[in-house]
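Data block below; observations after.
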Amino acid sequence: MDEHIFHIEGLTHQFADGTFALKGLSLTIQQGKKIALLGNNGAGKSTLFLHLNGLLQPTAGKIRFKGKKMKYDRKALLSLRKQVGIVFQDPDSQLFSANVQQDISFGPMNLGWDRITVQEKVNWAMAETEVTELKDRPTHFLSLGQKKRVAIAGVLAMEPDVWLLDEPTAGLDPYFSRQIMNLLDSIHHPDKTIILSTHDVNLAYQWADEVVVMNDGKVIYQGDPVSVFHDEDVLLQAHLEKPWVFEMFQALLQSRNPAERDLFPRTKEELLQKLETERIY
Amino acid sequence: MLLIDKYAYFNGLKDVHPLEKMVFALSLLLFSLTVRDMAVSLITFTVMSALIIFAAKIPLSYYLKLLLLPGFFILSGTITILFSFTSKFTSISNIWWSWKIGNWQIFISDDSFGTVANLITVVFCSISCLYFLTLTTPITVILSVLRKLKVPSLLVDLIELTYRFIFIFLDTALAIHQSQASRLGYGSFRKGIRSLGLLISSLFLGVLQRSEQLTMAMNARGYQENLSYIEDTYTYSSRNWLIAIVILGSLILINGYL
């Protein structure tokens, strides 16, 4: 499928204090992709997310959602937000209801579903994120990791087509990071598009179909997750390091002919397999 | 974390239907406030305290601490009612205690003694009713009952957000205080005052920012006019209603006989 979910042209955002968060950013997001958004702090990743959910309006430029120019009236925004879900970086700014189950049911209730459907979706979302046993807990009793999972469950229960996740694994222990990534894998489907911002290059390298790198309010790279790490300029500009699997493989190849790009292993398992089968060392 | 809030979620009566607890506590409160009778107040206070300690299983020491707080207010408030001043030549009937200094005498009359005793019992009785409610029923549940009783949703939503923000406020304040203390912000009195000023100003900015983020997060999940959720389910128990009616009924009887 290559239907465009978002088509962004010359998007500029200026804050009230005069500083620019986005400077004429252009980007096309295709349906069904798993996209990792990388970039240094202050590159404008979070601001871009807010724009994609209609929470901010462009100072200049335009965004098309599924081919139509985005509108900012109530009805249009409601329909956009039905289809696009956003998980904020700081779960405290997202959770406001007093207890977990209530918070998760907030979105689905706003979608106007009947009570039984809402309850089913909420139960399912709680089971998927392993928060069922917390359902009667008030949100202020939760740990950061628990809050993060509840925040994700709150969006999961709305079943959006497009997911925007602002650093979903930051602050989580390895078990729950992996579990969140597994959850994203299980959500993933040709109709669903996932855009995830992260500082974790290993995660981006391993998980994404496509990598977008932002720097200073612009997109400086969009493409497959392997070639980006060959591009030293991009890495330097966006303060990115190479994923360890990638770096390891590159080091092993030094003594031999330059490798073809598509042969690069993406995970630890793939790397180990290559070591065994190809005897490159 | 506020302990009082924690007990509201984890206590022996948490599964009792909130409407039962509300009706029970509020009807006893109303009754004792209307009759303003010492015996009724004392009995209500005893019943409520017993329920808080034995049924809800709130530790006695914590409950006493909670009582101490309004205790200070009532003591400081009643002292002015208790003591009266007059010139030493005035003769007063039914005096209970008096002390002459110079041209003045300070005295406690039987009337003022009665008023104070009555006031203290009524106040403690009311407090015990309210503590019963707050210690056994979380705010969220009280709010859901209010929603069902068709209290304007704007008001209920406002209470809910205020409640949530209390904790964000506390957390933020604690975090700022810790970061200041770790960098010796409270090393001396002067520094302490300065740090406290900084804490308060950044707290307000921080909370403003939070509320902006919260608005965004709510909009992102399709917030329209009011907050709606799935309500928690509780079941009514005829036994609880019976207990409530018996207690209230016997209080009314006692009041009638006295």
Side-chain angles (χ1 to χ4, degrees), chain A residues 46 49-50 52-56 74-75 77-113 115-123 135-141 151 154-155 157-158 160 164, chain B residues 1-11 14-15 137-144 147 156-172 174-175 206-234:
Chain A
S46 301
F49 276 174
L50 296 179
L52 295 184
N53 203 247
L55 293 163
L56 291 177
R74 266 173 68 99
K75 235 180 98 187
L77 284 177
L78 211 63
S79 128
L80 171 76
R81 287 164 187 166
K82 262 185 200 178
Q83 302 170 66
V84 182
I86 178 167
V87 178
F88 290 82
Q89 186 179 346
D90 177 5
D92 261 324
S93 60
Q94 182 168 348
L95 306 175
F96 60 89
S97 329
N99 87 32
V100 168
Q101 169 163 280
Q102 285 190 356
D103 201 275
I104 297 173
S105 71
F106 174 74
M109 289 294 273
N110 287 334
L111 295 180
W113 294 342
R115 233 152 239 289
I116 300 163
T117 318
V118 170
Q119 185 70 61
E120 269 171 18
K121 293 288 176 209
V122 169
N123 288 347
K135 78 187 237 254
D136 297 321
R137 289 278 182 90
T139 43
H140 53 266
F141 284 173
V155 175
M158 294 172 77
L164 309 172
Chain B
M1 204 84 358
L2 293 177
L3 207 50
I4 191 165
D5 187 60
K6 193 159 192 169
Y7 282 127
Y9 290 93
F10 307 102
N11 65 76
K14 69 179 191 316
D15 296 324
T137 322
I139 301 281
T140 44
V141 178
I142 296 183
L143 290 180
S144 74
R147 282 203 179 92
V156 182
D157 293 353
L158 217 69
I159 300 175
E160 165 140 40
L161 291 177
T162 310
Y163 171 70
R164 172 78 181 113
F165 263 77
I166 290 173
F167 294 95
I168 292 184
F169 220 81
L170 279 177
D171 279 352
T172 316
L174 187 71
V207 168
L208 256 173
Q209 213 174 11
R210 282 257 187 226
S211 74
E212 230 160 67
Q213 288 170 343
L214 183 70
T215 316
M216 281 193 177
M218 283 167 69
N219 285 333
R221 287 202 280 162
Y223 172 70
Q224 280 149 310
E225 247 113 47
N226 45 36
L227 306 177
S228 42
Y229 319 104
I230 312 182
E231 303 293 350
D232 301 323
T233 44
Y234 291 91

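Within every chain, numbering begins at 1; the chains are lettered A, B, ... in the order of the sequence lines, protein sequences first and strands thereafter. Given the structure is predicted, the values throughout are model-derived calculations rather than measurements.
At distances below 3.5 Å, at least one donor-acceptor pair connects side-chain atoms of A:R81 with backbone N or O atoms of A:G54. Judged by distance alone, the side chain of A:S79 and the main-chain N or O of A:K75 form no donor-acceptor pair under 3.5 Å. Judged purely by atom type and a 3.5 angstrom limit, A:N123 has no side-chain atom pairing as donor or acceptor with the backbone of A:E120.
Proximity to chain B is limited to the side chain of A:L56, based on heavy atoms less than 4.5 angstrom apart. In this structure, no portion of B:F165 lies under 4.5 Å from any heavy atom of chain A. Only the side chain of A:L78 comes within contact range of chain B, judged by heavy atoms closer than 4.5 Å. Contact of A:L50 with chain B is made through the side chain alone, with heavy-atom distances under 4.5 Å. Interface residue A:V122: only side-chain heavy atoms are found under 4.5 Å from chain B. Looking at A:N53, the atoms closer than 4.5 Å to chain B (heavy atoms on both sides) all sit in the side chain, from C-beta outward. Both the backbone and the side chain of A:D103 come within less than 4.5 Å of a heavy atom in chain B. At a 4.5 Å heavy-atom cutoff, the contact between B:I168 and chain A is made by side-chain atoms alone.
Interface summary for chain A: among B:R164, B:M218, B:E160, B:M216, the most heavy-atom pairs under 4.5 angstrom belong to B:R164. By number of non-hydrogen pairs under 4.5 angstrom with chain B, the leading residue of A:Q94, A:K82, A:R115, A:M109 is A:M109.
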Would you sort out whether B:Y163 and A:H140 count as a side chain to side chain contact (heavy atoms under 4.5 Å, CB included), showing the intermediate values? CA-CA 10 Å; B:Y163 171 70; A:H140 53 266; 3.3 Å; yes

Tell me, with the steps shown, if B:D5 and A:F141 meet side chain to side chain contact (heavy atoms under 4.5 Å, CB included). CA-CA 10 Å; B:D5 187 60; A:F141 284 173; 4.0 Å; yes

Chi angles and distances behind the side chain to side chain contact (heavy atoms under 4.5 Å, CB included) call for A:I104, A:K121: CA-CA 9 Å; A:I104 297 173; A:K121 293 288 176 209; over 6 Å; no

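Atoms CD1 and CG, from B:I139 and A:N99 in turn, are 13.0 Å apart once rounded to the nearest 0.5 Å.
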